[in-house]
Amino acid sequence: MPRKGLRPRDRRPAPPADFKFNSVLISRLVNRINFQGKKVASEKVVYGAMDIIKEKTKEDPMMVFTKAVENVRPLLEIRPRRVGGANYQVPIEVKPARGTALAMQWMLKAARERAGAPMSARLAEEILLAYKKEGAAFKKREDTHKMAEANRAFAHFRWW
């Protein structure tokens, strides 16, 4: 251990909040969708999805999106750990920042796998399903939790 103590891990500062909803969460979603540097196109997709959510639910789309992210955010995940020549799947708790990133990643992947509609409509549908605790992203969360529960016997290998 260094004499001055351990340094705190440096996190990059959050991206500036978006101009429409003034939300860091929305700007992170826009940056995650961003494809080949076309940020304006990804903003159109996200804001179009928010408009669709507002039409369908008659509620604040920002509230619906944050609730959907909360519903999909995993609390546990499994990480492989090598102990004595054997690999164990060790369940660990997920930090909030990583959980949010995983939730958005899973929702985007599920939206991209849908077919037959523009991306904004597919993203809006996936957000609405996550809001209702349904859909592929929520199923991914449940599968992750089941896997962590099944490997709970190896939790004692968690020492980092």
Side-chain angles (χ1 to χ4, degrees), residues 6-18 21-35 39 42-43 45-50 52-54 56-57 59-83 86-115 117 119-160:
L6 294 174
R7 281 186 8 184
R9 278 217 156 142
D10 297 329
R11 297 242 343 126
R12 284 188 354 193
D18 71 306
F21 293 100
N22 196 23
S23 167
V24 173
L25 200 60
I26 294 289
S27 65
R28 285 177 64 188
L29 181 68
V30 167
N31 288 340
R32 192 166 289 277
I33 289 179
N34 201 351
F35 184 68
K39 191 167 185 175
S42 59
E43 284 176 345
V45 168
V46 172
Y47 295 144
M50 292 297 172
I52 292 170
I53 289 170
K54 189 171 187 170
K56 286 188 175 182
T57 63
E59 293 181 31
D60 178 30
M62 192 61 223
M63 190 268 309
V64 171
F65 177 65
T66 51
K67 181 68 175 164
V69 169
E70 285 291 322
N71 288 344
V72 176
R73 180 187 310 183
L75 303 174
L76 295 169
E77 67 177 344
I78 54 171
R79 305 293 288 284
R81 185 84 180 154
R82 188 168 180 85
V83 178
N87 285 326
Y88 297 105
Q89 299 293 328
V90 180
I92 62 167
E93 293 177 6
V94 179
K95 293 180 181 175
R98 176 163 167 74
T100 303
L102 282 173
M104 287 194 286
Q105 185 178 328
W106 292 343
M107 284 196 290
L108 277 175
K109 185 176 181 201
R112 285 184 174 130
E113 288 173 354
R114 291 174 171 268
M119 183 59 187
S120 57
R122 292 183 285 171
L123 181 61
E125 190 62 34
E126 196 56 45
I127 290 171
L128 286 173
L129 286 173
Y131 179 67
K132 298 175 191 170
K133 296 186 177 183
E134 299 171 4
F138 188 75
K139 184 180 183 312
K140 174 79 170 166
R141 174 191 189 254
E142 293 300 309
D143 292 346
T144 304
H145 281 191
K146 280 181 190 169
M147 192 94 97
E149 187 66 28
N151 289 301
R152 198 172 72 184
F154 304 123
H156 65 282
F157 288 126
R158 171 182 53 201
W159 61 73
W160 73 94

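Sequential numbering from 1 along the given sequence is applied to the chain's residues. Everything quoted here is computed from the prediction, not taken from an experiment.
For the atom pair Asp60 CG and Thr66 OG1, the distance stands at 8.0 Å (nearest 0.5 Å). Between Glu70 atom CD and Phe65 atom CZ the span is 11.0 Å, to the nearest 0.5 Å. In this structure, Ile52 CD1 and Leu123 CG are separated by 8.5 Å, a value rounded to the nearest 0.5 Å. Atom CZ of residue Arg81 and atom CD1 of residue Ile92 lie 10.0 Å apart, to the nearest 0.5 angstrom. Rounding to the nearest 0.5 Å gives a distance of 11.5 Å between CD1 of Ile26 and CG of Asn31. Taken from CE in Met147 to CG in Leu76, the straight-line distance is 13.0 Å, to the nearest 0.5 Å.
The closest donor-acceptor contact from the side chain of Arg141 to the backbone of Arg73 lies under 3.5 Å. Judged purely by atom type and a 3.5 angstrom limit, His145 has no side-chain atom pairing as donor or acceptor with the backbone of Pro74. One N or O on the side chain of Asp18 and one on the backbone of Ser23 form a donor-acceptor pair closer than 3.5 Å. One N or O on the side chain of Ser27 and one on the backbone of Pro16 form a donor-acceptor pair closer than 3.5 Å.
More than 12 heavy-atom neighbours from other residues, nucleotides or ligands sit within 6.0 angstrom of CE on Met63. No more than 12 heavy atoms of other residues, nucleotides or ligands sit less than 6.0 Å from atom CD of Glu93.
The residues Arg122 and Glu113 are annotated as not salt-bridged, no charged nitrogen and carboxylate oxygen being separated by less than 4.0 angstrom. Ion pair Arg114/Glu126 flagged as a salt bridge, since at least one NZ, NE, NH1 or NH2 atom sits closer than 4.0 Å to an Asp/Glu carboxylate oxygen. The residues Lys56 and Glu125 are annotated as salt-bridged, a charged nitrogen and a carboxylate oxygen being separated by less than 4.0 angstrom. Taking 4.0 Å as the cut-off between side-chain N and carboxylate O, Arg152 and Glu149 count as a salt-bridged pair.
Nearest heavy atoms, Asn34 versus Lys39: OD1-N, 3.4 Å. Closest non-hydrogen pair, Ile78 versus Ala148, comes out as CG2-CA, 3.7 Å. Between Thr57 and Ile53 the shortest heavy-atom distance is OG1-O, 2.7 Å. Between Arg28 and Pro15, the closest heavy-atom pair is CG-CG, 3.7 Å. Between Phe21 and Met62, the closest heavy-atom pair is CB-SD, 4.1 Å. Heavy-atom minimum distance, Asn71 versus Tyr131: ND2-O, 3.1 Å.
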What do the steps show when you test Val69 against Met107 for side chain to side chain contact (heavy atoms under 4.5 Å, CB included), and what is the final call? CA-CA 9 Å; Val69 169; Met107 284 196 290; 3.6 Å; yes

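Residues Val94 and Leu75 are not in side-chain contact: their nearest non-hydrogen atoms beyond the backbone lie 4.5 Å or more apart. Between Glu134 and Lys139, every side-chain heavy-atom pair lies at or beyond the 4.5 Å cut-off. Within the 4.5 Å cutoff, the side chain of Leu102 has no heavy atoms near those of the Thr144 side chain. Looking at Pro91 and Glu77, their side chains never come closer than 4.5 Å, going by heavy atoms from C-beta outward. Using a 4.5 Å cut-off on side-chain heavy atoms (C-beta onward), Val90 and Asn151 make no contact. Between Arg32 and Gln105, the closest side-chain pair of non-hydrogen atoms falls below 4.5 Å.
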